[in-house]
Each structure stands twice: as C-alpha cells, then as structure tokens.
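Atoms considered below: every heavy atom in the structure, side chains included; atoms not considered: hydrogens, waters and symmetry mates. Computed from a prediction, not measured in an experiment: that's the story for all the values here. Throughout, protein chains are lettered first and strands after them, A, B, ... in sequence-line order, and every chain is numbered starting at 1.
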2 protein chains.
Amino acid sequence: MAAEPQRKPRRPRGSLNQQVIVQAALRIADRDGIEALTFPALGRELEAHPTAIYRHFRDKDELMLALVDALHEEVTADGLPVTDDWAADLRAVAGRIHAAFLGHAQVGQIVAARTARRPHEFAVVEHILGCMRRAGLDDSEAARCYRVFADAVLAYSSMEAALHALDPQAREADLLSWEVDYRRLPPEQYPNLAATIDHIPALDSPGNFPLMVELLITAIRAGRAGRAGKGTEEAK
Amino acid sequence: MAAEPQRKPRRPRGSLNQQVIVQAALRIADRDGIEALTFPALGRELEAHPTAIYRHFRDKDELMLALVDALHEEVTADGLPVTDDWAADLRAVAGRIHAAFLGHAQVGQIVAARTARRPHEFAVVEHILGCMRRAGLDDSEAARCYRVFADAVLAYSSMEAALHALDPQAREADLLSWEVDYRRLPPEQYPNLAATIDHIPALDSPGNFPLMVELLITAIRAGRAGRAGKGTEEAK
DNA sequence: ACCTGAACACCGTTCAAGT
DNA sequence: ACCTGAACACCGTTCAAGT
C-alpha cells in the first residue's frame, strides 16, 4: 500500500543541537506543563531517541538552566532602550522581565529556584546599573540598589509565574481560598483584615507587580534617606 | 543471642499523624536535602511502611503544602509584637519570615512555587495590615501595600533560600561566577558594570534583604507619592 | 562522531490482603 | 481502622552496540 508503517523517523545526522532542543523543551513546557517535560517527551517532540539529548546536555539540570537563560535572552532580544528618564527605563526593563516570565510561566516559576547566572543576564545587569547611576546614586548605592531591584523583580515575577502555571482548578481553588477563608475569620480577632478585606487585591491582580516596582523607584528617588545595613558612607 | 535481628520495628497503632510526619519530613529535608525527601526515606525515618503516609496525606503535594504551613507556623509561634513604631514592626515580621525560610532553606525554596494559602498565614496577614494602617495609609492603600510587601518578602526570602539550599560546590560555583565572569566583561561594552563591580554585594550578602525591606518602608512612608495602577483615588 | 537499544536504580501511587 | 506487601507505570541515567 501507499502508507507503510514507517516506524522510526530518524533525524538527519547533525540536526540536533542545544538550540533545537531548548526550543522543543519550551514548546513542551508551555503546552503541557513543566512536569510533562521529560526525556521521553523530548524524544517524541524532536522525533529522536530520548537519550540523544545527553549528547548535548550533561543532565536534565543543565537543560533547565538553558531554558532559564532562554528567558533572559527574550528579555534582551529587542535591546533595552535608554532614555533620559531613568525611572521609566527601570519600569520598562522590569516589565520586560515580568512579561517574559509570565509568557513562559512554566519555566518562569523555576527561575527563583535556579539561581545560576548565565550569559544573557549580563546585558540586564548593565542596563539596570545604568538606570541607578542616572538616578543620581553614587557607585556604592547604585550597586546595592541594583542588586535588590533586580532580585526583587526576578523573585516576584517568578512567584507570579508559579501561580500562573498552576492548573486552572488548583489556581481557582487558591484564589477562592482568599475570597472565602479570609472572609470567615472572626472580625474581633482580625480587625484589620475585616476593615480592608474588600480592598485587598487578588493574588493575581495585574496591579501588584507594577506597584512593587513603583515603591522601589519611589524609595530610590527618595535617595539617601533610610538606607540600612553596613557600608553607608557618610563621606560627602 | 541477646541481639536478635528484629527486622521490622513496627510502629504502635495510632502513633502516626500529620504532625509526626511533618516533623520527620522537616528533619529529612534539613539534613539530606529536599530531593532526598521521598516516601521510602520517610518510611525509614518514621520506622513505618512508606505507604503508611497515604493514610494521612492524599499525595506528596499535600505533604509539601503542610511543610510550607509549618514554616508559617514558626513565624507566628512566639507571637508578633505590636509596638508604636509601625516601621519597626514591619522590619521585625519581615525578619522573622526571612529567618524561618533560611532556617529551613530546603523547604523555604519551594514556598514561592507553592502559592497555596494555609491557616497559619492568617495571623501574618492581619499583622502586616495593622502596620500599614498605623503608617497612615487609608484602607485601600493599606490593602494594596500589604499585598505587595508580603509577597515581596515571601518571594525574596524564598529565592535566597534556594541559593542557601544549593549544595556547597554548586553554590560556590554560582558565587564565583559573579566574581570571575562579570570581571571579564569588556569595560567599553559594560561601562556601568566596570565602574561599580567592586561595590556590588554578593548574591548571598546578608544586607540585601534588609535593604529591600527598607526601600519598601521608605516608599510607604513617602505615602501617596508615586502610586501606580488603577484605584488611585484623588478623593481627599 | 553521533545516535540507538536495552538495562538499571528509583520513585509515586494503587490496591488487595493482613491484623 | 489502620498498616503492610506486592505490583505498576514512569523517569533519569548509563553504557555497550550499531551506523
């Protein structure tokens, strides 16, 4: 007959490489969830033998780190514009990171747990440092504020990605728990909750992340006021 | 002779419960790492059959959520003191959360990924809301700032726990990557990095978290200035 | 040099059988 | 009611054998 079984669609010789594997892994994670990202699944997606990936990545952890780096690459893909408004630039880069993490929420959720630093993060570091210096901070303050701003944006985005990555039922249950459980608490024991419960934003409210960014920018603008920890040089 | 084999040290009848299992799980995670926390390992630690845990937890995920809740319990264990200084109270509760997460870093690292809200978190919510209201924020602002402050503290602490939970070699490699890789970058392409590299705190510098908390407090104190997002009522 | 096949150790989960 | 034993499906990883 015309359609013979064709059991083993072998890949051509050198067609497997890190980039092809990373793209396939991203497709699987985005489509079926991070827990569905297994070597057998990768083999099917690539139409290759599951263990062929070991030619290109030492182990699964190294593949995961490559996925995280792919997200950072997406952040810097179109270049990070530098304007004369450092605060606007900080909002922009924070928004880019946040968007990339939620856009690939299944991978974004593991970023916080995988702290390894990879090549594509360099450009982001340089960019944020520039914003801090243009804000008028001295080198020491700029360096410390960079560290905190970048890590806060990373950690918060990763946490929101984790919520975003939950399957719909579990997520709905999580959000409903807030609506239901918290309203049931006795007002005399939880007076502050009782007074403000109607104003508390949802866990996944889109305004949460921008507000955190805005608070950090406000504090950076406020400048030397309220700096904690060692290394606060009064020299000036 | 005297010491007979005694192969199966059976547990007495009703001696297994959620609390006993959670404590055993925490011991294993703290001692051997989160990836060593398996049903077989739990069986050995409890001297019970591995699958006996299924009598008390629906699946492994539910056990993990119980571990996360145990951390929140630790935060509120000694009560959260309310003084006349809302900023100091915010520092204190943030420090408690941070300490609990790093104290059980193996569990702390998964908190951000497991967003489920559990009983022992109620008291923390109430406490932080009280701080925000005493800061002079109206109910809407207090609610929004609570959400961002609490989640930022949670996310940042969880990320630091993840770094803290890495095995020593991997962690050393991560920290060294900063020292080495970043110093190798061409200064003309990364001028801001070149200028500030000596001032950038280490990934695990103990000052990072307090600085983030201080920045948030500074912004909250700055008050209405620079609030972003919808719901910014100009009524006043 | 690169990919494949088979095997190994291990884990989460289920369920019928014991006490 | 509670725990145990055995089995099942599945996964990461290794390694000798193929082309």
Value in whole Å for how far the [atom2] atom of [N] lies from [atom1] of [X]:
{"X": "B:Asp59", "N": "C:dT13", "atom1": "CG", "atom2": "C1'", "value": "9 Å"}
{"X": "A:Arg58", "N": "D:dT13", "atom1": "CZ", "atom2": "P", "value": "10 Å"}
{"X": "A:Leu42", "N": "D:dG12", "atom1": "CG", "atom2": "C1'", "value": "12 Å"}
{"X": "A:Phe57", "N": "C:dC2", "atom1": "CZ", "atom2": "P", "value": "15 Å"}
{"X": "B:Leu46", "N": "D:dC2", "atom1": "CG", "atom2": "P", "value": "16 Å"}
{"X": "A:Glu47", "N": "C:dT4", "atom1": "CD", "atom2": "C1'", "value": "16 Å"}

_salt bridge (Lys or Arg N to Asp or Glu O under 4.0 Å) against B:Asp78, all qualifying residues, sequence neighbours excluded_ =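 Checked B:Asp78 against salt bridge (Lys or Arg N to Asp or Glu O under 4.0 Å); zero matches.
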*Produce a footprint string for nucleotides 6-11 of chain C: one letter per nucleotide, 5' end first; B if the base is under 4.0 Å from any protein heavy atom, S if only the sugar-phosphate is, - if neither.*
-----S
*Only pairs at least two apart or in different chains count here, so list each salt bridge (Lys or Arg N to Asp or Glu O under 4.0 Å) that has a residue in residues 18-28 of chain A.*
A:Arg27-A:Glu45
*A:Tyr54 side chain N/O closer than 4.0 Å to the phosphate oxygens (OP1, OP2) of D:dT14?*
no
*Does B:His56 place a side-chain N or O at less than 4.0 Å from the phosphate oxygens OP1/OP2 of D:dC3?*
yes
_5'-to-3' dot-bracket of DNA chain C (Watson-Crick, G-U; under 3.5 angstrom; crossing pairs as [ ]; | other strand)_ = ||.|||||...|||||.||
*Atom CG in A:Leu67, atom CD1 in A:Ile21: separation rounded to 0.5 Å?*
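Taking CG in A:Leu67 and CD1 in A:Ile21, the distance rounds to 10.5 Å.
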*Relative to each other, are the rings of A:Phe101 and A:His72 parallel, tilted or perpendicular (30° and 60° limits)?*
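It falls in the perpendicular class, over 60°.
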*Describe, in one word, how the ring planes of A:Tyr182 and B:Phe122 are oriented to each other, choosing from parallel (under 30°), tilted (30 to 60°) and perpendicular (over 60°).*
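A:Tyr182 vs B:Phe122 ring planes: perpendicular.
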*Taking only residues two or more places apart in sequence or in another chain, which ones pass side-chain hydrogen bond (donor to acceptor under 3.5 Å, both in side chains) with A:Asp30?*
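So A:Asp30 forms a side-chain hydrogen bond (donor to acceptor under 3.5 Å, both in side chains) with A:His104.
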*Hey, mind stepping through A:Leu102 and A:His98 against side-chain contact (heavy atoms from CB on, under 4.5 Å) and telling me if it holds?*
CA-CA 6 Å; A:Leu102 289 205; A:His98 189 255; 3.6 Å; yes
*Using heavy atoms to find the nearest nucleotide of DNA chain D for A:Pro50 and A:Arg55 separately, return the residue whose nucleotide is more 5′.*
A:Pro50
_So, using side-chain contact (heavy atoms from CB on, under 4.5 Å) as the criterion, who are the partners of A:Ala36 when residues are at least two apart?_
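Residues passing side-chain contact (heavy atoms from CB on, under 4.5 Å) with A:Ala36: A:Asp32.
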